[in-house]
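Every number for a ligand or one of its atoms is a count from 1 in the order of the listing. No hydrogens, no waters, no symmetry mates; every other heavy atom, side chains included, goes into these values.
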Amino acid sequence: MKRLAVVILAAGKGTRMKSDLPKVMHEIAGKPMLRHVIDTCAGLGPDLVVVVAGPEMPAVEAAAAPHARAYQREQRGTGHAVGCVRPAFGDQVFDEVLVVYGDTPLITAETLGRMVEERRTSDAAVVVLGMRVASPNAYGRLVLDAAGNLDAIVEAAEASPEILTLDLCNSGVMVIDGAVLFDLIARIRNDNSKGEFYLTDIVGLARADGRLARVVEAPVEELVGVNSRADLAAAEAILQQRLRAAAMAGGTTLVDPASVFLAADTVLGRDVVIQPNVVFGAGVTIGDRVQIKAFSHIEGAAIGAGAIIGPFARIRPGSMLAEDVHVGNFVELKNAQLGRGAKANHLTYLGDVTVGAGSNIGAGTITVNYDGYGKYRTEIGERAFIGSNSSLVAPVRIGDGAMTAAGSVVTRDVAADAVAIGRARQIDKPGRAAEFRAAQRAKHKK
Ligand code: UD1
Ligand code: MG
């Protein structure tokens with residue numbers, strides 16, 4: 001078995017993001033960029049993953065767990081950053097070491113797999129992932145020899161005008177022969193215009209040792225590096241396109257794909273239909289045949305087969321909807337568990353609640369779950385009927401088959417099959433409306 005280590009560079013602060021958050025913690029499709037890269041690399045089944053973090057980056061460390069971490073206290077260049085993983089490697093030897101950047105979230109496991117394969121079959125010291133860029137500006141250029149092998153990587157800052165005309169660029173991703181990695185790193189010098197230890201110099205060093213270097217190419221869409229908020233939005237757009245295509249390929253109808261925003265972990269069943277302008281946050285699972293109508297927002301929820309959601313529904317974390325539940329317009333659910341066939345179709349807030357199978361929640365029902373200090377649960381049994389505009393003041397229980405009268409403020413538990421009426425009694429004053437109008441007409445002379 002060949003042994004593979006993955007090194008993810010994430011020490012950069014990302015100054016151009018103008019953020020208090022380390023760059024790699026910014027999210028695309030509801031997931032930090034660093035986690036995208038970690039999860040993609042996990043697809044290769046590596047024996048070790050090391051994330052190189054900068055000083056005081058607790059969020060990066062937390063996102064890297066349970067993988068190994070290495071620290072780069074001072075940003076002295078990509079070559080120096082890779083050298084910092086040595087303590088994390090200990091005495092382990094790897095056949096291949098894959099180096100990726102934490103701010104390049106769209107790279108695919110397929111591309112990385114091709115690179116590892118190329119390293120194995122060619123026995124190159126280094127395999128570099130190249131991309132063709134129309135206006136390559138600051139990217140390092142890949143210089144090939146007559147046989148098509150990689151001769152050198154020249155950083156833009158060090159390149160001659162002739163080399164700057166090359167359009168084959170260094171994406172930054174490399175697979176390095178683990179047997180020579182640290183030897184090559186140790187020989188990098190910083191006598192260049194930035195005074196940095198360039199990882200890219202290992203290509204020239206390996207060539208001088210008589211070793212081979214190779215290039216694998218991938219489309220530039222995969223290799224978008226995020227340095228600014230504009231780059232972040234561009235990466236989001238590319239990823240959304242991929243997620244929408246995968247959703248449709250998996251049997252979901254997107255009536256207007258461009259207006260549906262999926263999370264990286266959204267799970268969609270077969271024959272799901274999603275109308276325009278629907279947004280998924282992280283942690284959503286949608287069962288078969290669910291219809292999600294326009295302008296709904298769903299996060300942290302599991303929705304059972306055949307459910308009908310929206311339009312204009314908001315489903316928040318902790319919500320679990322069984323089969324055939326209906327949640328209609330202007331209904332908000334938070335930590336709400338709804339049994340099979342339960343319905344809440346209009347203008348309702350259900351928070352910290354269990355609703356039994358077949359229960360109907362009338363328009364305007366509110367679970368009063370918060371008193372400014374604590375949150376309290378409402379438990380509604382099966383086949384209950386909650387009258388319109390009921391306020392259920394938690395903690396409170398409504399038994400199986402019970403009813404609440406419209407407009408009730410329910411502060412005590414309601415027994416099974418009972419009716420609770422919690423409102424002022426109606427008073428009728430015959431003729432009073434006509435008297436009122438006559439008096440007003442006289443006063444206003446109309
Ligand atoms: C690097 C490459 C360049 C390539 C480009 C692709 C080098 C010398 N140059 O240039 O050939 O075309 O990426 O985007 O490698 N980092 C650290 N510690 C450091 C320096 C960098 O962790 O001391 C991390 C950064 O956070 C970033 C990545 O390494 O994720 C790349 O660093 P960056 O400074 O952006 O390198 P470039 O100058 O863009
Ligand atoms: Mg860069």
Side-chain angles (χ1 to χ4, degrees), residues 6-17 19 21-26 32-34 36-38 41 50-57 60-61 63-64 69-85 88 98-107 126 128-133 135-143 150 152-159 163-164 166-174 176 184-185 188-205 213 215 217-218 220-228 231-232 234-235:
V6 173
V7 173
I8 303 176
L9 301 189
K13 281 194 281 292
T15 325
R16 276 179 285 163
M17 296 296 284
S19 174
L21 204 61
K23 178 165 73 175
V24 295
M25 294 311 297
H26 283 264
M33 290 195 277
L34 177 60
H36 281 277
V37 176
I38 290 174
C41 291
V50 187
V51 175
V52 182
E56 286 165 58
M57 290 188 173
V60 172
E61 287 203 46
R69 273 91 76 192
Y71 298 95
Q72 189 192 24
R73 300 204 190 284
E74 242 185 296
Q75 295 245 314
R76 299 173 67 194
T78 47
H80 177 257
V82 174
C84 291
V85 305
L98 166 65
V99 177
V100 291
Y101 296 168
D103 61 2
T104 309
L106 301 178
I107 188 133
V126 187
V128 173
L129 186 60
M131 56 187 181
R132 302 271 172 192
V133 185
S135 36
N137 306 324
Y139 287 121
R141 306 300 203 275
L142 302 184
V143 184
L150 179 61
I153 306 180
V154 184
E155 288 304 290
E158 326 294 332
I163 284 188
L164 286 176
L166 298 175
D167 71 341
L168 185 59
C169 294
N170 176 26
S171 68
V173 182
M174 292 189 191
I176 304 152
L184 293 173
I185 297 273
I188 299 174
R189 296 158 49 120
N190 65 345
D191 52 352
N192 50 49
S193 61
K194 288 192 187 166
E196 286 189 1
F197 295 90
Y198 294 159
L199 179 62
T200 46
D201 284 355
I202 65 171
V203 169
L205 292 166
V215 175
E217 282 189 49
V220 69
E221 292 76 28
E222 250 186 60
L223 303 172
V224 171
V226 174
N227 294 306
S228 64
D231 293 342
L232 189 70

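Protein residues with a heavy atom closer than 4.0 Å to ligand 1 are Leu9, Ala11, Gly12, Gln72, Gln75, Arg76, Gly77, Thr78, Ala81, Tyr101, Asp103, Tyr139, Gly140, Glu155, Asn170, Ser171, Lys194, Tyr198, Thr200, listed by chain and number.
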- Please report the C-alpha distance between Val128 and Val203 in whole Å, then the side-chain angles of each, then the deciding distance to 0.1 Å, and finally whether the side-chain contact (heavy atoms from CB on, under 4.5 Å) criterion is met. CA-CA 9 Å; Val128 173; Val203 169; 4.1 Å; yes
- Could you walk me through whether Glu158 and Tyr198 pass side-chain hydrogen bond (donor to acceptor under 3.5 Å, both in side chains), step by step? CA-CA 11 Å; Glu158 326 294 332; Tyr198 294 159; 2.8 Å; yes
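The main-chain N or O of Ser228 is never found under 3.5 Å from a side-chain atom of Arg16 such that the two would form a donor-acceptor pair.
When every heavy atom of Ala70 is checked against every heavy atom of Cys84, the shortest pair comes out as CB-O, 3.6 Å. Heavy-atom minimum distance, Leu129 versus Ala218: CD1-CB, 3.8 Å.
Remark: Glu196 engages no residue in a side-chain hydrogen bond (donor to acceptor under 3.5 Å, both in side chains) (not counting sequence neighbours).
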